[in-house]
Amino acid sequence: QVQLVESGGGVVQPGGSLRLSCVASGSISSINVMGWYRQAPGQEREMVAVETRTGSTNFAESVKDRFTISRDYAKNTVYLQMNSLKPEDTAVYYCNAVGVVIADAFYGMPYWGQGTQVTVSS
């Protein structure tokens with residue numbers, strides 16, 4: 001019913017920038033929360049940044065002042081602008097959507113994208 005497709009990952013040098021995009025497809029009326037999580041090898045998945053429909057945002061302490069999140073509500077799209085990237089930002093980045101409304105039905109379970117690799121290395 002709902003598919004999330006990420007794009008924009010890649011390899012970048014320390015101090016560089018990348019912009020991730022995620023499009024949610026399906027007969028979606030609205031999405032309450034969209035955001036980004038990441039998982040590095042051997043580590044648990046962690047929240048990076050999320051934004052609610054009201055525009056409230058939350059960031060991991062490790063990315064504050066370096067990453068920004070934005071949404072295009074008409075396109076059911078969420079972006080993650082990553083600046084001043086560090087080697088410790090290397091991970092698979094996953095798009096997440098929670099609270100999806102489809103034809104007046106509310107779905108509370110989280111939806112996940114397939115992930116996009118971000119590698120920060122010199």
*Asks:* Apply the side-chain contact (heavy atoms from CB on, under 4.5 Å) test between R38 and each candidate in R45, E46, Q43, M47; give the one that qualifies.
*Replies:* E46
*Asks:* What is the distance from atom OG1 of T57 to atom CZ of F67, rounded to the nearest 0.5 Å?
*Replies:* 14.5 Å
*Asks:* Any side-chain heavy atom of R71 within less than 4.5 Å of one from I31?
*Replies:* yes
*Asks:* So which atom in Y37 and which in V48 form the shortest heavy-atom distance, rounded to 0.1 Å?
*Replies:* C-CG2, 3.8 Å
*Asks:* Quick check: closest heavy atoms across S84 and S17, and the distance to 0.1 Å?
*Replies:* N-OG, 4.4 Å
*Asks:* Are V98 and W36 linked, directly or through intermediate hydrophobic residues, by side-chain heavy-atom contacts shorter than 4.5 Å (ILVMFWY only)?
*Replies:* no
*Asks:* What is the distance from atom OG1 of T68 to atom CG of L80, rounded to the nearest 0.5 Å?
*Replies:* 7.0 Å
*Asks:* What distance do S21 atom OG and Q81 atom CD have between them, rounded to the nearest 0.5 Å?
*Replies:* 9.5 Å
*Asks:* Tell me if the CD atom of Q3 is crowded by more than 12 foreign heavy atoms within 6.0 Å.
*Replies:* no
*Asks:* Does V50 belong to the same Ile/Leu/Val/Met/Phe/Trp/Tyr cluster as V92, with side-chain heavy atoms less than 4.5 Å apart forming each link?
*Replies:* yes
*Asks:* Is any side-chain heavy atom of C95 less than 4.5 Å from a side-chain heavy atom of W112?
*Replies:* no
*Asks:* Side chains of R66 and D89, heavy atoms from C-beta outward: is any pair under 4.5 Å?
*Replies:* yes
*Asks:* Looking at T77 and V23, would you say the former's side chain and the latter's main chain have a donor-acceptor pair under 3.5 Å?
*Replies:* no
*Asks:* Can you tell if the side chain of D72 reaches within under 4.5 Å of the side chain of Y79, non-hydrogen atoms only?
*Replies:* yes
*Asks:* What pairs with T119 under side chain to side chain donor-acceptor pair (under 3.5 Å), at least two apart in sequence or on another chain?
*Replies:* Q117
*Asks:* Among all residues two or more places apart in sequence or in another chain, which pass the side-chain contact (heavy atoms from CB on, under 4.5 Å) test with S29?
*Replies:* V101
*Asks:* Less than 4.5 Å apart, side chain to side chain, heavy atoms only: is that true for V2 and Y107?
*Replies:* no
*Asks:* How long is the span from the CE atom in M34 to the OH atom in Y111, to the nearest 0.5 Å?
*Replies:* 12.5 Å
*Asks:* If I compare all heavy atoms of I28 with all of S25, which pair ends up nearest, and what's the gap?
*Replies:* CD1-O, 3.7 Å
*Asks:* Assess whether atom CD of E88 is packed by more than 12 heavy atoms of other residues, nucleotides or ligands within 6.0 Å.
*Replies:* yes
*Asks:* Could you check if a side-chain atom of Y94 sits within less than 4.5 angstrom of a side-chain atom of N96, using non-hydrogen atoms only?
*Replies:* no
*Asks:* Show the nearest heavy-atom pair for residues A40 and T90, with the distance to one decimal.
*Replies:* CB-O, 3.7 Å
*Asks:* Does some side-chain heavy atom of E6 sit less than 4.5 Å from a side-chain heavy atom of L20?
*Replies:* no
*Asks:* Mind checking whether V78 and I69 have side chains closer than 4.5 Å, heavy atoms only?
*Replies:* yes
*Asks:* Look at the side-chain heavy atoms of Ile, Leu, Val, Met, Phe, Trp and Tyr, link any pair under 4.5 Å apart, and say whether M109 and L4 land in one connected group.
*Replies:* yes
